[in-house]
Amino acid sequence: MSGLKRHQLIDPVENLEGRMCTKHDKPLELFCKTDQTCVCTFCNVLDHKMHDVVPLKEQYEGKKAELGKTGAEIQQMIQKKQLKIKKIKQSVDLSKNDADRKIAEGVQVFTSLKESVERGLNELIDTIKEKQKTTEKRAEALIKELEQEISELMKRSTEVEQVLRSEDYLHLLQSVQSLNTIHPPPTKDWTEVSGHPSYEGTVMKAVAQLEVTLSKLFVEFELKRVQQYAVDVTLDPDTAHPELILSDDGKQVIHVNGLLILLDNPERFLNNACVLGKQGFSSGRFYFEVQVKGKIEWHLGVARESINRKETIQESPQKGFWAIGLSNGNEYRALAGPPVLLSLKSQPQKVGVFVDYEEGLVSFYDVDTAALIYSFTGCSFTGCSFTEKLFPFFHPFSNWW
């Protein structure tokens with residue numbers, strides 16, 4: 001800037017009203033972008049003729065607008081970062097709550113495990129002690145029986161010795177005759193009798209029983225874990241097929257022969273006697289239970305909002321359905337593509353449905369036994385993804401549900 005000493009340099013965004021050129025005593029009305037300085041009209045003609053010169057007010061307003069825009073952008077950046085801080089804090093709070101919940105669950109599980117192990121150990125000790133006590137009682141009885149036989153033998157031995165002492169042939173022969181026989185009296189065969197019990201397999205049997213108990217405990221805990229996400233499901237009459245009648249509270253549905261007169265709408269099923277729940281879910285976890293006791297045929301699960309309700313449906317994940325079903329009274333299937341035949345230990349009377357939207361998981365449980373029936377996992381691939389709302393789905397076939 002040393003070459004510009006003869007000009008007064010003033011910030012273009014500063015209010016320059018009343019400022020004068022020190023050389024020509026003229027108002028500074030122009031701004032030279034080339035030299036980044038304020039000039040008067042004479043300076044412009046003499047020294048800045050070939051430079052990029054604009055009116056000072058125009059430059060001032062332009063720079064002011066730029067600074068205003070920059071200031072607004074900075075404020076937006078500040079707000080975004082403040083919002084980010086808020087979200088991080090919320091995330092930390094959620095994480096803490098989740099951590100506390102998981103710790104509580106862990107304490108509950110491990111406490112139950114500890115109690116089961118201690119109970120199993122105590123039962124094992126009691127079993128061994130009881131077996132030992134039984135062994136001791138049996139040993140006492142055997143010893144008493146042996147002592148009685150010994151007593152009888154000693155008595156016979158004494159009699160034999162007395163006869164042997166006699167030197168009278170006739171007396172000896174008569175005495176032998178009175179003893180019935182010269183052989184020892186018959187006694188019990190004690191060869192295979194032992195007072196030592198076998199504890200072989202006792203510990204392993206207890207461990208096997210503990211494994212069964214723990215396995216049952218795990219499935220019960222898993223069901224309790226998902227039940228904490230229970231939601232209240234109400235059937236949506238706007239989606240019900242014309243052969244379905246819903247109860248007043250929206251909790252039951254019956255399939256009747258003959259179509260009801262219902263207003264058609266985009267949500268209603270036309271070719272399959274199905275109905276959806278009113279509530280849809282697009283995130284998080286949810287769980288609901290369905291009473292199926294007494295029915296010989298049913299399908300249930302969840303379905304995407306965009307399923308085609310006017311054509312004959314094909315219940316599979318590829319078509320937007322994650323469901324299981326019963327047919328012929330005893331054939332259970334996961335309605336995958338193709339269907340998967342399920343082998344169940346008992347017939348479910350009540351089915352629990354759990355969905356983890358983010359994990360792409362749909363699981364079905366036998367509520368009474370806490371057994372896992374089937375799980376659809378990894379529901380995040382093309383054509384089978386949770387990319388929209390999911391609704392509880394019911395295909396009741398016949399009878400009340």
Side-chain angles (χ1 to χ4, degrees), residues 95-149 188-230 285-293 324 332 342-354 356 359 361-375 377:
S95 176
K96 184 180 183 303
N97 293 336
D98 192 46
D100 291 341
R101 184 170 62 253
K102 292 301 180 183
I103 289 173
E105 290 177 0
V107 169
Q108 181 182 354
V109 171
F110 279 90
T111 299
S112 298
L113 289 176
K114 180 182 177 182
E115 291 174 351
S116 296
V117 171
E118 290 177 346
R119 186 163 52 250
L121 177 60
N122 291 334
E123 289 175 356
L124 172 62
I125 294 173
D126 290 342
T127 299
I128 294 175
K129 286 183 176 180
E130 186 64 30
K131 193 169 186 178
Q132 177 60 23
K133 186 182 295 184
T134 301
T135 299
E136 291 174 357
K137 288 183 178 180
R138 180 171 177 270
E140 289 176 1
L142 291 175
I143 291 171
K144 185 175 182 180
E145 187 176 352
L146 282 166
E147 288 176 342
Q148 186 173 354
E149 288 189 1
K188 182 178 179 179
D189 184 5
W190 295 87
T191 306
E192 302 298 328
V193 178
S194 172
H196 179 65
S198 175
Y199 296 102
E200 188 67 29
T202 305
V203 175
M204 294 309 299
K205 183 178 179 181
V207 171
Q209 182 59 46
L210 180 60
E211 288 179 349
V212 173
T213 302
L214 294 182
S215 178
K216 184 179 179 181
L217 180 65
F218 282 137
V219 295
E220 290 177 351
F221 173 75
E222 174 62 16
L223 180 59
K224 289 180 180 179
R225 184 187 70 83
V226 300
Q227 283 178 330
Q228 67 181 317
Y229 300 104
R285 304 176 181 92
F286 63 95
Y287 170 88
F288 59 93
E289 295 181 351
V290 185
Q291 182 70 249
V292 296
K293 182 178 181 180
I324 62 171
Y332 293 90
L342 304 175
S343 178
L344 306 183
K345 293 182 178 179
S346 61
Q347 291 191 326
Q349 305 298 301
K350 184 185 293 184
V351 176
V353 184
F354 171 69
D356 188 326
E359 290 295 324
L361 172 69
V362 183
S363 295
F364 299 85
Y365 295 87
D366 182 337
V367 176
D368 294 326
T369 64
L372 176 65
I373 298 174
Y374 187 80
S375 286
T377 59

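Values in this document were obtained by computation on a predicted structure and should not be read as measured data.
In this structure, CD in Q209 is found 11.0 Å from CZ in R119, a value given to the nearest 0.5 Å. To the nearest 0.5 Å, atom OG1 of residue T377 and atom CG of residue D356 are 12.0 Å apart. We find the CZ-CD distance between R285 and Q228 to be 8.5 Å, quoted to the nearest 0.5 Å. Atoms CG and CD1, from L344 and I324 in turn, are 7.5 Å apart once rounded to the nearest 0.5 Å. Here F286 contributes atom CZ and F354 contributes atom CZ; the two are 9.0 Å apart, rounded to the nearest 0.5 Å.
Contacts of R225 classified as salt bridge (charged side-chain N to carboxylate O under 4.0 Å, His left out), with partners at least two apart in sequence or in another chain: E222. Under the salt bridge (charged side-chain N to carboxylate O under 4.0 Å, His left out) criterion, E115 pairs with no residue at all, not counting sequence neighbours. Residues forming a salt bridge (charged side-chain N to carboxylate O under 4.0 Å, His left out) with D366 (at least two apart in sequence, or on another chain): none. In this structure Q108 satisfies the side chain to side chain contact (heavy atoms under 4.5 Å, CB included) test together with F221, sequence neighbours excluded. With sequence neighbours excluded, the residues satisfying salt bridge (charged side-chain N to carboxylate O under 4.0 Å, His left out) with E145 are K188. Judged as a side-chain hydrogen bond (donor to acceptor under 3.5 Å, both in side chains), and not counting sequence neighbours, the contacts of D100 are K96. Listed by chain and number, the residues in a side-chain hydrogen bond (donor to acceptor under 3.5 Å, both in side chains) with Y332 amount to none (sequence neighbours excluded). Legend: residues meeting side chain to side chain contact (heavy atoms under 4.5 Å, CB included) with T134, ordered by chain and number and at least two apart, are E130. Annotation: side chain to side chain contact (heavy atoms under 4.5 Å, CB included) contacts of I143 (sequence neighbours excluded): E147. E118 pairs by the side-chain hydrogen bond (donor to acceptor under 3.5 Å, both in side chains) definition with nothing, not counting sequence neighbours. Residues passing the side-chain hydrogen bond (donor to acceptor under 3.5 Å, both in side chains) test with S375 are S363, sequence neighbours excluded. Shown here are the side chain to side chain contact (heavy atoms under 4.5 Å, CB included) partners of V207, two or more places apart in sequence or in another chain: V203, E211.
When the shell of 6.0 Å around CD of Q148 is examined, it contains 12 or fewer heavy atoms from other residues, nucleotides or ligands.
Among all heavy-atom pairs drawn from K350 and V292, the shortest one is N-CG2, 4.1 Å. Heavy atoms only, all atoms of each residue included: A370 and L223 are closest at CA-CD2, 3.7 Å. A pairwise comparison of heavy atoms in V367 and G352 identifies CG2-N, 3.5 Å as the closest pair. Among all heavy-atom pairs drawn from F364 and L372, the shortest one is O-CD1, 3.4 Å.
We find that R101 and D98 are joined by a salt bridge, their nearest charged nitrogen and carboxylate oxygen being less than 4.0 Å apart.
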